[in-house]
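Each remark here refers to the structure printed beneath this line.
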Amino acid sequence: MKIGSLELKNSIFLAPMAGITDLPFRTVVRSFGCGLAYTEMVSAIGLARKADKTLRYLSTSPSDRPLGVQIFGSDPETLADAARIAEQHGADLIDLNMGCPVKKVTKTGAGAALMTDPALAAAIMQAIRKATALPFTVKIRSGWNARQANALEIGKIAVESGCDAVTLHARTADQGYSGHADWTLIARLKGHIRIPVIGSGDIRKPLDASRMFQETRCDGAMIGRGALGNPWLIGEALSFIDDNHNHEPTLAEREEVIIRHLDMSAAFYGERAGVRDFRKHLLWYTKGLKGGARFREAAGQITDRETTITAMRDYFHEIAHESEA
Ligand SMILES: Cc1cc2nc3c(=O)[nH]c(=O)nc-3n(C[C@H](O)[C@H](O)[C@H](O)COP(=O)(O)O)c2cc1C
């Protein structure tokens with residue numbers, strides 16, 4: 001599939017997730033074949049000020065390709081500046097966040113609040129479009145709430161403003177992450193606009209991605225929460241499309257991925273901060289596994305790499321034995 005001038009090797013992407021889709025996690029997910037991955041949402045104001053902490057979100061590597069940098073804000077010129085800076089720092093694609101429902105963001109007019117002001121949304125899209133020749137996409141929700149579900153209107157504005165694709169997380173902002181994503185709206189948007197539509201929401205199993213493509217005719221499908229503790233889901237979804245089979249990772253493969261991810265986190269953030277940040281991933285990696293709750297309680301206290309690895313190896317050893325017995 002193609003987004004603007006960008007040729008992608010496949011059409012299953014990793015969704016942007018704040019606090020999660022950093023360079024280590026993206027690198028792990030990419031090793032399973034993901035077609036495109038995004039940074040978490042990055043503040044346009046922070047980028048325009050060249051704040052070190054904000055610029056760190058743009059950290060990337062040669063294997064972290066192609067990379068979408070997602071920016072958020074509510075001022076056209078600041079967002080245009082941010083797009084230029086992201087381009088200078090190696091972005092392959094710029095994405096505008098119009099879906100974040102968090103109050104801290106929406107009260108500044110950014111994120112999903114932009115959907116309630118189509119004129120401002122258009123001005124922002126046009127300013128970003130002028131600022132960069134990179135492929136430019138917007139990520140929207142179904143609308144602010146059920147009464148103001150204007151995804152089709154915003155999708156049309158995106159086309160008129162020169163965007164190269166629209167991603168739709170098919171929930172309203174006031175739904176947050178509850179209930180189900182309404183895939184029929186993704187199908188309607190696809191029928192309504194002539195640029196690629198990427199569907200987002202509720203792909204949890206390999207079969208779900210195939211279903212989303214079939215039911216909505218979308219051009220791309222994005223996986224968010226389903227990849228937490230399960231980075232191989234994108235690879236599984238891709239192979240399911242080919243052969244209709246599930247290829248679940250073995251315990252040994254899980255263990256290898258967890259250690260690789262931990263090592264990357266420790267290298268990226270420094271050991272102490274990296275291990276601390278990694279704890280949440282460790283909880284996700286062991287969710288649903290036998291004795292996982294006991295392991296997670298113990299793992300929550302760990303602060304160094306060696307102890308984490310020893311605890312994890314012991315735990316995997318134990319469950320491997322139990323399943324043989
Ligand atoms: C913890 C978390 C953080 C998220 N952060 C972002 C973000 O920074 N930008 C964005 O556009 N969407 C964000 N999302 C929304 C996801 O990209 C995605 O659209 C949504 O979770 C629905 O897909 P899923 O059911 O596959 O998770 C976030 C979701 C979660 C759960």
Taken in chain and number order and not counting sequence neighbours, the residues that satisfy salt bridge (charged side-chain N to carboxylate O under 4.0 Å, His left out) with R217 are none
Tell me whether [X] contacts the main-chain N or O of [Y] through its side chain, where contact means a donor paired with an acceptor under 3.5 Å.
| X | Y | result |
| --- | --- | --- |
| D208 | R204 | yes |
| D164 | T137 | no |
| T216 | A187 | no |
| S161 | Q126 | no |
| K280 | G19 | yes |
| R129 | T132 | yes |
| D75 | T78 | yes |
| R279 | I302 | yes |
| H321 | H317 | no |
| E253 | T250 | yes |

F295 vs L289, test: side-chain contact (heavy atoms from CB on, under 4.5 Å). Steps then yes/no.
CA-CA 10 Å; F295 169 74; L289 294 183; over 6 Å; no
Got a second to check how far [X]'s [atom1] is from [Y]'s [atom2], nearest 0.5 Å?
| X | Y | atom1 | atom2 | value |
| --- | --- | --- | --- | --- |
| T286 | R296 | OG1 | CZ | 4.5 Å |
| R225 | I203 | CZ | CD1 | 11.5 Å |
| I186 | L189 | CD1 | CG | 8.5 Å |
| I154 | M125 | CD1 | CE | 5.5 Å |
| L233 | L238 | CG | CG | 9.5 Å |
| T39 | L14 | OG1 | CG | 10.5 Å |

Going hydrophobic residue to hydrophobic residue with side-chain gaps under 4.5 angstrom, can you get from [X] over to [Y]?
| X | Y | value |
| --- | --- | --- |
| I12 | L207 | no |
| Y57 | V105 | no |
| L134 | L67 | yes |
| M17 | L96 | yes |
| Y269 | L282 | no |

Within-4.5 Å side-chain heavy-atom neighbours: [X] and [Y]:
| X | Y | result |
| --- | --- | --- |
| S63 | R30 | no |
| D81 | L47 | no |
| L114 | F72 | no |
| Y285 | M312 | no |
| H192 | V159 | no |

I'd like to know if K190 pairs up with D219 as an ion pair, taking the criterion as any Lys NZ or Arg NE/NH1/NH2 lying under 4.0 Å from an Asp or Glu carboxylate oxygen.
yes
For the pair R147 and D174, find out whether any cationic side-chain nitrogen is under 4.0 Å from an anionic carboxylate oxygen.
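Not counted as a salt bridge, because no side-chain N and carboxylate O are separated by less than 4.0 Å.
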So does [X] have more than 12 non-hydrogen atoms from other groups sitting under 6.0 Å from [atom1]?
| X | atom1 | answer |
| --- | --- | --- |
| R56 | CZ | yes |
| R65 | CZ | yes |
| D243 | CG | yes |
| E7 | CD | yes |
| I193 | CD1 | yes |
| E77 | CD | no |

Worked check of side-chain contact (heavy atoms from CB on, under 4.5 Å) between E40 and T21
CA-CA 6 Å; E40 62 180 90; T21 51; 3.9 Å; yes
Run R26 and D64 through salt bridge (charged side-chain N to carboxylate O under 4.0 Å, His left out) and show every step you take.
CA-CA 7 Å; R26 293 196 303 268; D64 183 37; 2.8 Å; yes
On the ring face of Y177, is R141 found with NZ or CZ under 6.0 Å from the centre and within 45° of the axis?
yes
Supply the members, apart from L8, of the Ile/Leu/Val/Met/Phe/Trp/Tyr cluster built from side-chain contacts under 4.5 Å; use none for a lone residue.
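Under the 4.5 Å side-chain rule, L8 groups with M1, I3, L6, F13, L36, Y38, L93, I198, M222.
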Looking at [X] and [Y], what are the two nearest heavy atoms and their distance?
| X | Y | result |
| --- | --- | --- |
| L168 | S142 | CD1-N, 3.7 Å |
| L79 | A44 | CD2-CB, 3.6 Å |
| P231 | G229 | CD-C, 3.5 Å |
| A91 | V69 | CB-CG2, 3.5 Å |
| M115 | A151 | CE-CA, 4.0 Å |
| I157 | A122 | CG2-CB, 3.6 Å |

Once side-chain hydrogen bond (donor to acceptor under 3.5 Å, both in side chains) is applied, do any residues pair with R188, and if so which ones, sequence neighbours excluded?
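With sequence neighbours excluded, R188 shows a side-chain hydrogen bond (donor to acceptor under 3.5 Å, both in side chains) to no residue whatsoever.
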side-chain contact (heavy atoms from CB on, under 4.5 Å) for K139 and M41? Distances and angles first, verdict last.
CA-CA 11 Å; K139 184 161 177 286; M41 55 191 267; over 6 Å; no
Take D263 and R260 through the salt bridge (charged side-chain N to carboxylate O under 4.0 Å, His left out) test and state the conclusion after the steps.
CA-CA 5 Å; D263 280 345; R260 188 150 48 93; over 6 Å; no
Candidate list F25, W232, W284, test ring-ring contact (aromatic ring centres under 6.0 Å, His included), partner H261, passing option:
F25
Would you sort out whether F268 and S59 count as a side-chain contact (heavy atoms from CB on, under 4.5 Å), showing the intermediate values?
CA-CA 10 Å; F268 187 67; S59 301; 3.7 Å; yes
